[in-house]
Structure formats: structure tokens, C-alpha cells
Amino acid sequence: MQAPKALRHWLFKSEPSVYGWQHFEAERRTFWTGVRNYQARNLLRDEVKIGDGVLFYHSNANPTAIVGLARVIAGGSPDPTQFDRKSPYYDEGSSATEPRWYGVEIEAIAPIAPPLTRDALKLAGALAGMMLLQRGSRLSVQPVTAAHWTWICRLAGVADRF
DNA sequence: GCCAACGTTGGC
DNA sequence: GCCAACGTTGGC
């Protein structure tokens, strides 16, 4: 019998002008749609599992920051927006039998207030290796190591629930 | 708004 | 399979 995989940790980027933490918190849960990058798709489809922790990050924002914690409540399934002709995420090259794009469902756990700004993250030497902080890093779904996760929870003053 | 870095596309 | 052109991301 196979041991269950340890819970893992992720960082999801979102532009607050498109879908911000306030919106997410009001809905409490959401299906994460619109990821159109194969590397991120592979993570959503194959690696992001129920119970995993998610850092919700505001990109293209002022300030850019980690603004909340979330939890994965359903693993990868096809992103319905790829089939919706009216959606900006519509992909005519995708089909129901061979969907190209995936998403997961997440639930809001706790806000991080005040937000943990990118500047604050950069000041924490222990976080220097975070993928988020690497030059040119733009993957919108990123793995976060357990050590980085723990540091971030401490910096944010939130309980490490994962 | 600028632009560096990255991903994708398509000609060859 | 190479690589130039183009489009996108996202920090600043």
C-alpha cells in the first residue's frame, strides 16, 4: 500500500484587477481558471492535491504581495473556460475528450494583513531562494518549499495550518 | 509606460 | 531541429 504524499505548498498569482483576494474571500471558494501555460498546467493537473496549502499572491499590483492563505479542496480537473466561446480563456484547439487546460478548486483560509509585500520577502534572507523572487520568474502556479512556507507563515503572523 | 525575460509560433 | 519574430508576463 502506498503512503499518501505529504501535503505540499504552492503559490498562485492573480492580478487583483482581474481576481483579487477580496473577491476570493467574498466567494470563499473558487475554481482556479485561466492558466494557459503548460508548466503551470502540469502542476495543476498532476501535482496540486486536496489539502495542499496555497499562498495567494497579487501580481501587477501596488504593492505586489502575498495577501492570503488558501487550501486546495479539489484536485485537477478540466478548466471549463477553455470550452466557453465567450470566455477570454476560450481555446478552440481544446476538446472535451482531450482537454488541454486544467484547474483546481481552492478555499480561502485566512487573509494576511497587512500583506506580506514582495519587498518584505526580499528582506528575509531565508527566502532568497524562492522561485517567486528569481529574476524572470513568471510561472503563475509555483511550488513553495516547506521551509519557505513556514517562514512566510511566521513573517505573516498566521498559524501554519499545513 | 518601459522593458527584460520567457514562451510560443512558424518558416526554412 | 534551428532560430527569428512575435506575444505575454510582471517588476519597476
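The chains referred to below are lettered A, B, ... by the order of the sequence lines, with proteins before strands, and numbering in each begins at 1.
None of A/Arg100, A/Arg41, A/Arg36 except one satisfies the salt bridge (Lys or Arg N to Asp or Glu O under 4.0 Å) rule with A/Asp79; the exception is A/Arg36.
With the nearest nucleotide of DNA chain B identified for both A/Asn60 and A/Arg138, A/Asn60 has the one nearer the 5' end.
Proximity of a side-chain donor or acceptor of A/Thr150 to a complementary backbone N or O of A/Ala146 within less than 3.5 Å is detected.
Phosphate proximity of B/dG7 to A/Arg36: absent, as no side-chain N or O sits under 4.0 Å from OP1 or OP2. Of the side-chain N and O atoms in A/Tyr57, none sit less than 4.0 angstrom from OP1 or OP2 of C/dT9. Residue A/Lys13 has a polar side-chain atom (N or O) positioned under 4.0 Å from OP1 or OP2 of C/dG10. At the phosphate of B/dA4, neither OP1 nor OP2 sits under 4.0 Å from any side-chain N or O atom of A/Arg135.
At least one side-chain heavy atom of A/Ile109 sits under 4.5 Å from a side-chain heavy atom of A/Glu107.
Taking atom CD of residue A/Glu15 and atom C1' of nucleotide C/dT8, one finds them 10 Å apart after rounding to whole Å. In this structure, the OH atom of A/Tyr38 is 17 Å from the C1' atom of C/dT9, given to the nearest Å. Remark: C1' of B/dG1 and CG of A/Asn62 are 14 Å apart, rounded to the nearest angstrom. At whole-Å resolution of the value, CG in A/Leu133 and P in C/dT9 are 20 Å apart. Rounded to an integer number of Å, the gap from CE of A/Met131 to P of B/dC6 is 12 Å. As rounded to whole Å, 15 Å separates atom C1' of B/dT8 from atom CG of A/Leu139. Going from atom CG of A/Asn37 over to atom P of C/dG10 covers 9 Å, rounded to whole Å. Look at CG on A/Leu132: it is 10 Å from P on C/dC12, rounded to the nearest Å.
In this structure, A/Trp32 has its ring center closer than 6.0 angstrom to the ring center of A/Phe56. Taking the six-membered ring where the residue is Trp, the centroids of A/Tyr57 and A/Phe12 are separated by 6.0 Å or more.
Nearest nucleotide to the side chain of A/Thr64, out of B/dG7, B/dA4, C/dG11: C/dG11.
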